[in-house]
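Only one structure is covered here, and it is reproduced in the block below.
Small disclaimer: the values here were computed from a predicted structure and weren't measured. Chain naming here is simple, since letters A, B, ... match the order of the sequence lines and numbering starts at 1 in each.
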Amino acid sequence: METITTEIRKIFPRADRLTPDWFQNKTTVVAQALLGKLLVHETTKGVTAGYIVETEAYLGAEDQASHSFQRKRSPKNESMYQQAGTLYLYRMHRHTLLNVVTGPLNQPEAVLIRAIEPVIGERIMQENRAQHGVNLTNGPGKLTQALGISYMLDGYLLNQANVSIWDVSQVPMDIVATPRIGIPNKGEWTHRPLRYTVLGHPHISRQLKKEVRTSVWQNRK
DNA sequence: GCTCCGATGCTCT
DNA sequence: GAGCATCGGAGCC
């Protein structure tokens, strides 16, 4: 725990680790506030980390697109019912997707982390993915592979599984809300703007080249 | 025990 | 922009 703090603060002297409490806030608020935060994984190969640039909110029992729609509950999605800050990981085809549980205990909401910008351990990410450039981390399955995060971490609390999220005062210039990806035939929930992105960031998934901007972060304080 | 399918990504056109 | 890989769990027989 101390060594990772030292390592992060070498690069970001004023970095603060987010505690599970931080995720008790409203899911849509957390999803937007996560943009610019640093997602960190301590692996056997070294530290991997990146700024979060794309998230999606999943609003529990009433959200048709959520795994916990109508409070559906099973060993597979049990993590969604746990306390805020719990990691919810599941496998999609042969990929692993990472969520962080939000809100009160037993209210099964979560934020899906869909894309990051590599910051630490880019060489490790290249090894893990056999790819380079934006292809390293511009998708939910890609970023877990790049960071070396396995579905075995499902159910662990943030900070207790070598996975942590840090406030490093990186602030988006602009945030845009759009419909979520891969949610067909879910009525109004298909179209609700619950996907949040750092406007124009090159690492956002499924983005057209002409939408990429050169300036995406505010200057640090 | 069997079928169905997905909050994806890669490849090829 | 379409096709398909690939696998565990849920739902049903």
Side-chain angles (χ1 to χ4, degrees), chain A residues 23 27-28 30-32 34-35 39 48 50 52-82 84 86-103 107-118 125-155 163 165 176-198 201-211:
Chain A
F23 293 84
T27 303
T28 52
V30 171
Q32 291 170 72
L34 277 174
L35 299 175
L39 173 63
T48 52
I52 297 168
V53 300
E54 176 179 354
T55 60
E56 283 179 1
Y58 284 86
L59 303 184
E62 59 172 15
D63 181 354
Q64 278 188 61
S66 171
H67 291 164
S68 54
F69 178 53
Q70 295 179 329
R71 292 193 68 81
K72 189 174 90 117
R73 187 168 186 165
S74 72
K76 191 176 170 182
N77 73 350
E78 178 61 28
S79 299
M80 290 192 82
Y81 290 83
Q82 302 308 309
T86 299
L87 303 180
Y88 170 44
L89 288 118
Y90 65 93
R91 291 211 275 210
M92 175 61 178
H93 292 261
R94 55 187 185 286
H95 308 289
T96 300
L97 276 66
L98 171 66
N99 299 248
V100 185
V101 175
T102 52
Q107 178 179 303
E109 305 197 6
V111 173
L112 169 67
I113 298 176
R114 285 193 55 91
I116 64 170
E117 172 191 335
M125 297 188 205
Q126 288 170 357
E127 274 179 37
N128 288 345
R129 290 242 331 124
Q131 294 274 350
H132 59 89
V134 296
N135 262 327
L136 233 35
T137 54
N138 65 346
K142 298 178 189 181
L143 75 90
T144 54
Q145 187 185 18
L147 294 176
I149 292 174
S150 123
Y151 80 103
M152 297 300 291
L153 299 182
D154 177 47
V163 174
I165 299 179
V176 60
T178 56
R180 293 170 292 186
I181 302 289
I183 313 284
N185 311 318
K186 301 289 184 188
E188 63 160 312
W189 294 97
T190 290
H191 307 290
R192 287 276 293 270
L194 294 172
R195 170 180 178 243
Y196 305 98
T197 56
V198 175
H201 196 288
H203 283 79
I204 292 167
S205 68
R206 312 211 189 172
Q207 185 175 225
L208 301 174
K209 268 187 180 171
K210 65 179 181 184
E211 295 171 331

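A distance of 6.0 Å separates CZ of A:Arg129 from NZ of A:Lys142, quoted to the nearest 0.5 Å.
The partner of C:dG3 is B:dC10, judged by Watson-Crick or G-U wobble contacts that both fall below 3.5 Å.
Among the protein residues, A:Ile183 comes within range of the sugar-phosphate backbone only, with heavy atoms under 4.0 Å from sugar or phosphate atoms but none that close to a base. A:Ser74 comes within 4.0 angstrom of the backbone, heavy atoms only, and of no base. Across all strands shown, A:Arg73 has no heavy atoms under 4.0 Å from either base or sugar-phosphate atoms.
For A:His67 and B:dA7, the shortest distance from a side-chain N or O to OP1 or OP2 is below 4.0 Å. Taking side-chain N and O atoms only, A:Arg114 has a distance below 4.0 Å to OP1 or OP2 of B:dT8.
Closest approach to the A:Arg129 side chain among C:dT6, B:dA7, B:dG9 is made by B:dG9 (side chain taken as heavy atoms from C-beta onward). Of all nucleotides listed (C:dG8, B:dA7, B:dC10), B:dA7 comes nearest to the side chain of A:Leu97.
When side chains are defined from C-beta on, A:Leu35 does not count as touching A:His201, because their heavy atoms never get closer than 4.5 Å. When side chains are defined from C-beta on, A:Leu112 counts as touching A:Tyr58, because their heavy atoms get closer than 4.5 Å.
To the nearest angstrom, P of C:dG1 lies 10 Å from CG of A:Leu208. Going from atom CD of A:Glu78 over to atom C1' of C:dG9 covers 15 Å, rounded to whole Å. If you measure from atom NZ of A:Lys76 to atom C1' of B:dA7, you get 11 Å, rounded to the nearest angstrom. Whole-Å rounding puts the A:Tyr90 OH to C:dA10 C1' distance at 16 Å. If you take CG of A:Leu143 and C1' of B:dA7, they are 13 Å apart, rounded to a whole angstrom. At whole-Å resolution of the value, OH in A:Tyr88 and C1' in C:dG9 are 11 Å apart. The nearest whole Å value for the distance from the CZ atom in A:Arg91 to the P atom in B:dG6 is 18 Å. Protein atom NZ of A:Lys72 is 9 Å distant from nucleotide atom C1' of C:dG9, rounded to whole Å.
Between the side chain of A:Arg94 and the base of C:dA5, a donor-acceptor pair under 3.5 Å is found.
The main-chain N or O of A:Thr144 is never found under 3.5 Å from a side-chain atom of A:Thr96 such that the two would form a donor-acceptor pair. Between the side chain of A:Arg195 and the backbone N or O of A:Glu54 there is no donor-acceptor pair closer than 3.5 Å.
The aromatic ring of A:His95 does not stack onto the base of B:dT8, failing the criterion of a centre distance under 5.5 Å from the six-membered base ring together with planes under 30° apart.
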